[in-house]
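Each remark here refers to the structure printed beneath this line.
Predicted model only: the values in this text are computed from it and were never measured.
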There are 2 protein chains.
Amino acid sequence: MNEKIAVIDDNYSICKALARLLNGHGYNVEIYTSAPEFLLHARDTELGCVILDINMPNMSGLQLQEILIDRKYDYPIVFISGCGDIPSSVTAIKKGAVNFLQKPVVEQDLLQSICEAIALHRKHQDQKRDYLLTEQAVETLTAREMEIFRYIITGKLNKQIAYYLRITEKTVKVHRARVKQKLHVKSIVDLVRIADKVGIKPISLAES
Amino acid sequence: MNEKIAVIDDNYSICKALARLLNGHGYNVEIYTSAPEFLLHARDTELGCVILDINMPNMSGLQLQEILIDRKYDYPIVFISGCGDIPSSVTAIKKGAVNFLQKPVVEQDLLQSICEAIALHRKHQDQKRDYLLTEQAVETLTAREMEIFRYIITGKLNKQIAYYLRITEKTVKVHRARVKQKLHVKSIVDLVRIADKVGIKPISLAES
DNA sequence: AGAAAAATGGGGCTTTGGGGCAATAGCGAT
DNA sequence: ATCGCTATTGCCCCAAAGCCCCATTTTTCT
């Protein structure tokens, strides 16, 4: 299917040239001539990747990258620079940019980077979807159930949990059953995996 | 304590200058004027980080980085370049270099990068130590025990495992007990965590 | 206030997990 | 051939977990 790509460069003719090139390779291209303009529309669309110029008035490419990271838009970024320096490229890559190309852009390099970027994005999307689904299930747990959940993945026995929470073992069993039911699992090992996936920590000695 | 740092640069006077600077900051410095020379001694010592020049005869800094990665020497690398270009810096960082500085090196930047590098190295060392300890325990498992281990972390019941392996449930119990004993754990949740840590995969439907 | 949801508990039953003790069998090394 | 390790299994028993129906209380929401 047609992946959507945003091209952000203050030079409109460069944008158009890139758009033409990428259209020719089956991509769906959106053009923005400044970073703020892009930000206005960034949340509306689902992008496969972003081609971003470094040197722009108002807001530089690196600043925009910063903002996108802050706002958790995890679009892979391919930088292109007219007169970029090494420190810029280093920070860009350190912050996760897919590549940092210099103008004039070698067509082959750009296409290759875009390919990587889109693959990366797809991977991220898949992970995120998966993560959200389990998180959503976990959120249906009541506070008490969550508490029991955490004790379970700490390896505690029903008897021990009952003791810690000053309730009967019977009640723990009920909660335990409900936790497993709500999370759609049948065994404890799956509970542990779910907990690890969404970052639910075992109950340490300190807080018990 | 005194961290050891290797400085690799074909220009001996630069090496000496850097050594003097770093000595003054409490580091223990080793000097090499070529990448191959460094490789001869790399395995003998425990380094906190490596300061590496990009442009050197025989073997470039990037090539050396490649080799170190291949050989699993996970020393953090701080690159310094006299006339480095952007593509070099990009690949260096992508492959995990801590930083890519340009000569003349700003003292503050270098010290800062070294600090990061050493912190990173310590973290890696800690993780590695932890990993090796558990891996070592896992290696004491016999083939059969490993097999049962994998079924356990797949969430299978003793009865099911027995059926798959065409043995009695009693035998599975014996193996199961031995696995837990050898891995020094008391609950299944810890087994799952160990398996995840050393990368032991559950048994998929395909291979059963 | 009244209904719905959540937490608590009981009794009873089955299944599963775990430990001890003993025995048999195969296989490689001394 | 004998020793040691591993794998296998039987029997007995107990503890832990899961599941069924049930009831009461507390909290929460409308």
Backbone N or O of [Y] within a donor-acceptor pair of the [X] side chain at under 3.5 Å?
{"X": "A:D130", "Y": "A:D126", "answer": "no"}
{"X": "A:E37", "Y": "A:T33", "answer": "yes"}
{"X": "B:R150", "Y": "B:I200", "answer": "no"}
{"X": "A:K180", "Y": "A:K186", "answer": "yes"}

(request) With DNA chain D as reference, determine whether B:T140 or B:V172 sits nearer its 5' end, using the nearest nucleotide of each. (result)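 Looking at the nearest nucleotide for each, B:T140 comes out on the 5' side.
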
Whole Å only: how far is the [atom1] atom of [X] from the [atom2] atom of [N]?
{"X": "B:M146", "N": "D:dT6", "atom1": "CE", "atom2": "C1'", "answer": "16 Å"}
{"X": "B:K182", "N": "D:dA7", "atom1": "NZ", "atom2": "C1'", "answer": "12 Å"}
{"X": "B:I148", "N": "C:dG17", "atom1": "CD1", "atom2": "P", "answer": "13 Å"}
{"X": "A:R166", "N": "C:dT8", "atom1": "CZ", "atom2": "P", "answer": "13 Å"}
{"X": "B:Q181", "N": "C:dG20", "atom1": "CD", "atom2": "P", "answer": "10 Å"}
{"X": "B:Q160", "N": "C:dG17", "atom1": "CD", "atom2": "C1'", "answer": "14 Å"}
{"X": "B:R178", "N": "C:dG18", "atom1": "CZ", "atom2": "P", "answer": "15 Å"}
{"X": "A:L165", "N": "C:dA7", "atom1": "CG", "atom2": "C1'", "answer": "12 Å"}

(request) With the side chain counted from C-beta on, respond yes when A:L191 and A:L183 share a heavy-atom pair under 4.5 Å apart, and no when they do not. (result)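 When only atoms from C-beta onward are counted, A:L183 and A:L191 do touch, with a gap below 4.5 Å.
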
Below 4.0 Å: OP1/OP2 of [N] and any side-chain N or O of [X]:
{"X": "B:H175", "N": "D:dT8", "value": "yes"}
{"X": "A:R144", "N": "C:dT8", "value": "yes"}
{"X": "B:T142", "N": "D:dC5", "value": "no"}

Can you name the atoms? Protein N/O to nucleotides 17-19 of chain D N/O, anything below 3.5 Å, with the distance.
unit_1	atom_1	unit_2	atom_2	d
D:dA17	OP2	A:N158	N	3.1
D:dA17	N7	A:K173	NZ	3.3
D:dG18	OP1	A:K180	NZ	2.9
D:dG18	OP2	A:R176	NE	3.0
D:dG18	N7	A:K173	NZ	3.2
D:dG18	O6	A:K173	NZ	3.2

(message) Does atom OH (A:Y73) have a neighbourhood of more than 12 heavy atoms from anything else shown, all under 6.0 Å?
(response)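 Yes.
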
(request) Please work out if A:T171 contacts a base, only the sugar-phosphate, or nothing of the nucleic acid, heavy-atom cut-off 4.0 Å. (result)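 A:T171: base contact, heavy atoms under 4.0 Å.
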
(request) Measure up the A:F100 and A:F79 rings against each other and bin them: parallel (under 30°), tilted (30 to 60°), perpendicular (over 60°). (result)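 Geometry flag for A:F79 against A:F100: tilted rings.
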
